[in-house]
Asker: 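I'd like to ask you about the structure that follows.
Keep in mind that this is a model prediction, so the values were computed, not measured.
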Amino acid sequence: MWLRCGCAASLRVLASPLRVLGLRRCNTAAFMPESTGFGGVSGRSGLQEFSVSSSESFWAAVARHRLSWIRPFTAVQDCDLSRGRIRWFEGGKLNVSVNCLDRHVHTCPDRVALMWERDEKGSEVRYTYRELLEMTCRVGNLLRRHGVKKGDCVTIYMPTCPLAVASMLACARIGAAHNVVFAGFSAEALAERIRDAQSSTVITVNQGIRGGKILELKKTVDTAVQSCPTVQQVFVAMRTDSPVAMTARDIAMEEEMLKEDVVCEPAAMNSEDTLFLLYTSGSTGKPKGLVHTQAGYLLYAALTHRYVFNYHDGDVFGCVADIGWITGHSYGVYGPLANGGTTVLFESTPVYPDPGRYWDMVERLQINQFYGAPTAIRLLLKFGDEWVNKYDRSSLKTLGSVGEPINTEAWEWYYRVVGEERCPVVDTWWQTETGGICIAPRPSDPDAEIVPGMAMRPFFGIKPALMDTEGKVISGNDASGALCLAQPWPGMARTIHNDHQRFMETYCQPYPGYFFTGDGAYRSVEGYYQITGRLDDVINVSGHRIGTAEIEDAVNQCPAVAESAVIGYSHDIKGQAVFAFVVLKKNVDVEEADLSRQLNGIVSEKIAKYACPDFIQFVQRLPKTRSGKIMRRVLRKVVELDLDSLGDLSTLDDPAAVQEIIQGHRDTSMKST
């Protein structure tokens with residue numbers, strides 16, 4: 001059975017070459033063995049330049065060396081961004097599950113592949129590569145026996161757990177695509193994704209557990225499939241001991257798995273066959289089913305995992321993202337497993353049963369690389385240093401940040417307190433669309449600086465470009481613009497499922513010949529990149545364009561502030577004005593009027609007077625998704641008093657936060673601070 005008992009400072013940081021991934025000029029081949037064929041290229045900057053200027057040579061060498069092929073590819077790439085055509089490693093055949101499991105079972109079958117940190121503290125369960133392969137094969141055979149075939153799409157609605165990983169890999173093994181839906185989404189949101197993916201098969205659990213709370217996932221699926229005529233069968237696994245009502249379409253998963261063989265013949269997949277769909281929010285409100293394919297995605301996830309985090313054999317990689325998001329796909333599952341690594345699956349929350357949960361886990365599991373979201377870091381900062389210092393974190397070597405720009409105060413706390421000023425903090429920028437990390441401080445030369453709050457350096461094969469409002473490339477440094485990527489890379493999404501025209505309109509047509517990310521960025525005098533926020537999160541105040549992330553970073557530097565969210569709202573004179581929602585740290589005793597003046601002073605000093613909030617509302621908490629993203633769209637509707645358009649709030653971590661903010665907004669008169 002899959003659920004067995006477990007065993008039981010805005011300063012610039014110069015990183016130690018003993019602790020971070022560096023490239024000494026004389027040791028480039030040890031760093032990247034493929035570089036011996038790159039004609040004398042040396043150093044990180046040399047590798048970066050070669051990967052962009054000789055893209056085909058770089059990616060061909062890396063793909064041949066790092067993936068196991070059933071049949072070698074005959075063409076490296078066939079890409080034309082202006083037409084939305086993206087194809088890599090054509091002619092090649094491989095199987096992703098073989099690359100993630102079988103080849104490691106041949107060399108190190110008893111190496112731990114998964115450490116499942118269950119919601120119940122201290123009850124982790126470990127799976128070796130051999131055990132994970134056997135579970136994957138049983139699931140693959142089960143799916144095949146029930147009619148799932150190559151090219152089908154299986155929807156997975158499960159908490160972060162080993163069986164969810166095995167289900168993803170089983171789909172890859174038999175040639176089916178998977179569509180993992182975050183297990184916090186409502187029945188309506190789940191149904192919409194099932195229908196768009198045209199799934200006939202759903203995999204779920206009876207109940208989920210998160211933060212000590214029971215989640216009725218099977219009931220959610222039951223409601224969802226009522227409006228999904230394509231669904232023929234639902235596999236139900238048991239996360240808890242509580243029985244659930246089973247219908248004619250439901251299949252007891254573990255019971256049926258026991259009937260299956262532990263050997264499952266892997267399908268030979270073309271490089272450009274679909275590996276998975278993953279839905280992300282769109283500006284129209286209709287989720288976009290982004291399509292990622294086999295070889296290019298896996299290669300890019302593995303390479304970024306290895307080099308951004310300085311991952312080595314024997315390390316324990318702790319990505320705390322849910323598998324329902326791209327971070328969980330790329331750095332919880334595919335990247336680490338392709339590299340033969342040990343990856344942590346985190347089922348709980350940062351504050352359950354107390355705010356020391358992450359750091360207790362780091363000590364217990366001896367985690368070497370920790371990858372989390374800025375919103376969680378800011379939340380934990382609010383509880384003070386004692387919850388961190390209570391635990392031994394000497395195993396940590398690298399700290400990562402993902403999901404949104406990290407503000408300077410949170411960065412410095414992460415570096416100083418959590419990492420004890422010895423672990424580099426890699427603030428990573430990427431998206432569901434990019435498949436993997438595109439801009440990050442590492443890899444870099446051993447003496448290279450890290451600037452707090454900046455993603456900084458493009459990864460191998462990535463060529464950023466900043467565009468002005470006329471659609472022209474901005475060539476100089478110390479400049480801001482729309483962030484585009486000037487050439488394709490293997491990990492990027494290929495299309496939007498059943499809607500390539502929307503893919504073209506969203507990513508390829510705004511700046512023809514470039515991939516438009518939808519983000520704004522600043523390129524410093526030194527040539528480093530800083531993400532300034534979504535371009536739809538840019539406020540235009542009296543003709544001055546300012547990113548919400550930039551204002552939030554300034555507000556969050558106030559010692560009394562835990563976190564903030566900034567939006568723009570209509571203003572009769574200025575066009576748009578700035579509205580800030582501010583959460584204070586615990587035990588802060590200060591008059592709100594005094595604090596408002598202090599915050600405006602900070603923003604005026606850090607940015608400019610025009611960026612100062614016109615209105616500040618102090619709140620207990622911000623509305624967030626369960627993955628930790630602040631729902632600024634909801635805040636904007638509250639400020640605009642458009643409460644009938646709030647939309648589905650069931651995906652929020654705590655919908656009650658919205659009602660508190662609405663009430664606070666009503667109780668406070670809209671007057672300038």
Side-chain angles (χ1 to χ4, degrees), residues 15 20-23 28 31-32 34-35 38 41 43-63 65-66 77 79 86 88 292 296-311 317 319 326-327 329-331 334-336 338-339 369 371 398 400-403 405 424-446 448-451 454-466 483-493 514-515 517 519 521 523-524 526-531:
V20 303
L21 183 63
L23 285 128
T28 306
F31 170 77
M32 181 175 282
E34 299 93 332
S35 66
F38 295 165
V41 170
R44 183 260 171 204
S45 57
L47 280 171
Q48 166 64 21
E49 290 167 12
F50 181 82
S51 71
V52 170
S53 63
S54 301
S55 175
E56 288 208 15
S57 298
F58 177 84
W59 288 115
V62 172
H65 181 77
R66 295 178 188 258
Q77 64 164 299
C79 303
I86 306 148
W88 285 85
H292 282 285
Y297 168 80
L298 185 66
L299 177 66
Y300 197 75
L303 202 71
T304 47
H305 172 257
R306 165 70 181 85
Y307 287 110
V308 171
F309 299 101
N310 189 19
Y311 187 87
F317 189 78
C319 171
I326 189 63
T327 305
H329 279 53
S330 298
Y331 302 111
Y334 286 113
N339 287 330
Q369 293 87 8
Y371 197 29
T398 302
S401 168
V402 61
V425 175
V426 290
D427 176 13
T428 62
W429 174 84
W430 60 298
Q431 304 170 324
T432 305
E433 293 86 342
T434 71
I437 295 163
C438 289
I439 306 177
R442 296 291 187 249
S444 60
D445 293 319
E449 66 179 352
I450 293 180
V451 182
M454 295 187 81
M456 299 186 73
R457 302 176 178 95
F459 190 71
F460 302 127
I462 299 298
K463 186 180 181 182
L466 298 182
L483 178 62
C484 293
L485 299 174
Q487 62 187 44
W489 64 102
M492 67 191 299
Y514 294 82
F515 183 87
T517 69
D519 281 337
R523 187 166 56 225
S524 71
E526 302 88 351
Y528 302 147
Y529 289 89
Q530 181 173 28
I531 308 304

Asker: With sequence neighbours excluded, tell me which residues meet side-chain hydrogen bond (donor to acceptor under 3.5 Å, both in side chains) with H305.
Answerer: N339
Asker: Sequence neighbours left out, what passes ring-ring contact (aromatic ring centres under 6.0 Å, His included) with W429? Give chain and number order.
Answerer: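 If we apply the ring-ring contact (aromatic ring centres under 6.0 Å, His included) test to W429, skipping adjacent residues, there are no hits.
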Asker: So, using side-chain hydrogen bond (donor to acceptor under 3.5 Å, both in side chains) as the criterion, who are the partners of D427 when residues are at least two apart?
Answerer: none
Asker: Say you draw a straight line from OH of Y529 to SG of C438; how long is it, rounded to the nearest 0.5 Å?
Answerer: 12.5 Å
Asker: Excluding sequence neighbours, so at least two apart, what forms salt bridge (Lys or Arg N to Asp or Glu O under 4.0 Å) with R66?
Answerer: E34
Asker: So, W88 side chain and P488 main chain: donor-acceptor pair closer than 3.5 Å or not?
Answerer: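 Side chain of W88 to backbone of P488, a donor-acceptor pair under 3.5 Å: no, none is there.
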Asker: What residues form a side chain to side chain contact (heavy atoms under 4.5 Å, CB included) with A63, not counting sequence neighbours?
Answerer: W69, F73, F89, L299
Asker: Would you indicate whether the side-chain heavy atoms of M32 and L47 approach each other to under 4.5 Å?
Answerer: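 L47 reaches M32 side chain to side chain.
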Asker: Residues in side-chain hydrogen bond (donor to acceptor under 3.5 Å, both in side chains) with T428, at least two apart?
Answerer: Y371
Asker: Verify, without hydrogens or angle tests, whether S330 (side chain) and A301 (backbone) share a donor-acceptor contact under 3.5 angstrom.
Answerer: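 Pair absent, no side-chain N/O of S330 close to backbone of A301.
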Asker: Can you tell me how the ring of Y331 sits relative to the ring of W430, calling it parallel under 30°, perpendicular over 60° and tilted otherwise?
Answerer: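 Rings of Y331 and W430: perpendicular, over 60°.
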Asker: Would you mind reporting whether Q48 and P458 have side-chain heavy atoms less than 4.5 Å apart?
Answerer: yes
Asker: Could you work out, with side chain to side chain contact (heavy atoms under 4.5 Å, CB included) as the rule, every residue matching A338, not counting sequence neighbours?
Answerer: C100, R103, L298, A302
Asker: I want to check something: taking the side chain as every heavy atom from C-beta on, are I450 and M456 in contact at a cut-off of under 4.5 Å?
Answerer: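 In contact.
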Asker: Check G436 against T434 and note the closest heavy-atom contact, atom names and distance.
Answerer: O-OG1, 2.8 Å
Asker: Angle between ring planes, Y334 versus H329, binned at 30° and 60°: parallel, tilted or perpendicular?
Answerer: tilted
Asker: Using a 3.5 Å distance criterion without hydrogens, assess whether the side chain of S51 forms a donor-acceptor pair with backbone atoms of F58.
Answerer: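 Judged by distance alone, no pair lies under 3.5 Å.
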Asker: Among residues at least two apart in sequence or on other chains, which ones pass side-chain hydrogen bond (donor to acceptor under 3.5 Å, both in side chains) with Q431?
Answerer: D519
Asker: Output all residues satisfying ring-ring contact (aromatic ring centres under 6.0 Å, His included) with F459, sequence neighbours left out; order by chain, then residue number.
Answerer: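 F459 satisfies ring-ring contact (aromatic ring centres under 6.0 Å, His included) with Y300 only.
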Asker: Answer whether the closest heavy-atom distance between the side chains of S35 and V41 falls below 4.5 Å.
Answerer: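 Result no, sub-4.5 Å side-chain heavy-atom pair not found.
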Asker: So, taking the atom named CZ in F515 and the one named CD in Q487, what distance separates them when rounded to the nearest 0.5 Å?
Answerer: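 Interatomic distance, F515 CZ to Q487 CD, rounded to 0.5 Å: 14.0 Å.
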Asker: Is there side-chain contact between I439 and L483, with at least one heavy-atom pair below 4.5 Å?
Answerer: yes
Asker: Partners of S57 by side chain to side chain contact (heavy atoms under 4.5 Å, CB included), sequence neighbours excluded?
Answerer: F50, S54
Asker: Can you check whether Q77 reaches W59 side chain to side chain, under 4.5 Å on heavy atoms?
Answerer: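 Answer no - side chains too far apart.
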Asker: Tell me, please, which residues at least two apart from Q369 pass side chain to side chain contact (heavy atoms under 4.5 Å, CB included).
Answerer: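 Listed in chain order: F309, Y311, D315, F317, K397, T398.
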Asker: Compare every heavy atom of G43 with every heavy atom of T28, then report the nearest pair and how far apart it is.
Answerer: OG1-N, 3.0 Å
Asker: Which distance, rounded to the nearest 0.5 Å, do you find between the CD of E49 and the CZ of F38?
Answerer: 13.5 Å
Asker: Carefully, step by step, assess Y528 and R523 under the rule side-chain contact (heavy atoms from CB on, under 4.5 Å).
Answerer: CA-CA 5 Å; Y528 302 147; R523 187 166 56 225; over 6 Å; no
Asker: So, do R457 and R442 sit near enough that their side-chain heavy atoms are less than 4.5 Å apart?
Answerer: yes
